[in-house]
Amino acid sequence: MEVIAFSILSAVVLISALCVILAKNPVHSVLFLILAFFTSSGLLILIGAEFLAMLLVVVYVGAVAVLFLFVVMMLEIDFVELKKSFLDYAPLGAIVAFVFFAEVALVASTLGLSTSETFDPKPGAPTNVEAIGAVMY
């Protein structure tokens, strides 16, 4: 199961990274970059680096969100024209959303977690975040 999850996540990272370069619209390029960051954090979770995955999402996706706002403010984008073509891109958006949630479900199933369960480590075994926190403290 982990090999399948790794294969799917790595394929999505490669495709989204390629779309970052090839996208003609800078807003689409930033959205593909955010997808690449989220998928990379899924890969980090698969190898057991939860802290790095959290750091990637918080720092880079947070910074990319600010970059996204900066790009939107600096470019003169006609939002009225974009709203007219919203329904044209709705199926593509639904596919991207499905891929994102499928990735989350795949990583959660690989970890042995479900939506109703919480993470329960073995007694006395600290998680990566606890070990890093103990070293930093």
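We count residues from 1, following the sequence as given. Predicted, not measured: the structure shown is a model, and the values here were computed from it.
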Minimum heavy-atom separation for [X] and [Y], please, with both atom names.
X	Y	answer
Phe37	Leu56	O-CD2, 3.2 Å
Phe6	Leu43	CD1-CD2, 3.5 Å
Val61	Phe38	CG1-CE1, 3.9 Å

Look at the side-chain heavy atoms of Ile, Leu, Val, Met, Phe, Trp and Tyr, link any pair under 4.5 Å apart, and say whether [X] and [Y] land in one connected group.
X	Y	value
Ile47	Leu52	yes
Ile8	Leu14	no
Leu18	Ile95	no

For Ile4, is the CD1 atom crowded, meaning more than 12 foreign heavy atoms sit under 6.0 Å from it? no

Any chance you could measure Ile21, atom CD1, to Ser16, atom OG, to the nearest 0.5 Å? 10.0 Å

side-chain hydrogen bond (donor to acceptor under 3.5 Å, both in side chains) partners of [range], not counting sequence neighbours, each pair once:
range	answer
residues 28-38	none
residues 54-66	none
residues 90-106	Thr39-Glu103

List in chain and number order the residues that pass side-chain contact (heavy atoms from CB on, under 4.5 Å) with Met1, two or more places apart in sequence or in another chain; answer none if no residue qualifies. Leu106, Ser109, Thr110

Partners passing ring-ring contact (aromatic ring centres under 6.0 Å, His included) against Phe51 (at least two apart in sequence or in another chain): none

Each residue besides Ile15 in its hydrophobic cluster should be listed here, by chain and number; the cluster joins Ile, Leu, Val, Met, Phe, Trp and Tyr at side-chain heavy-atom distances under 4.5 Å. none

Are any of the side-chain heavy atoms of Val96 and Phe100 separated by less than 4.5 Å? no

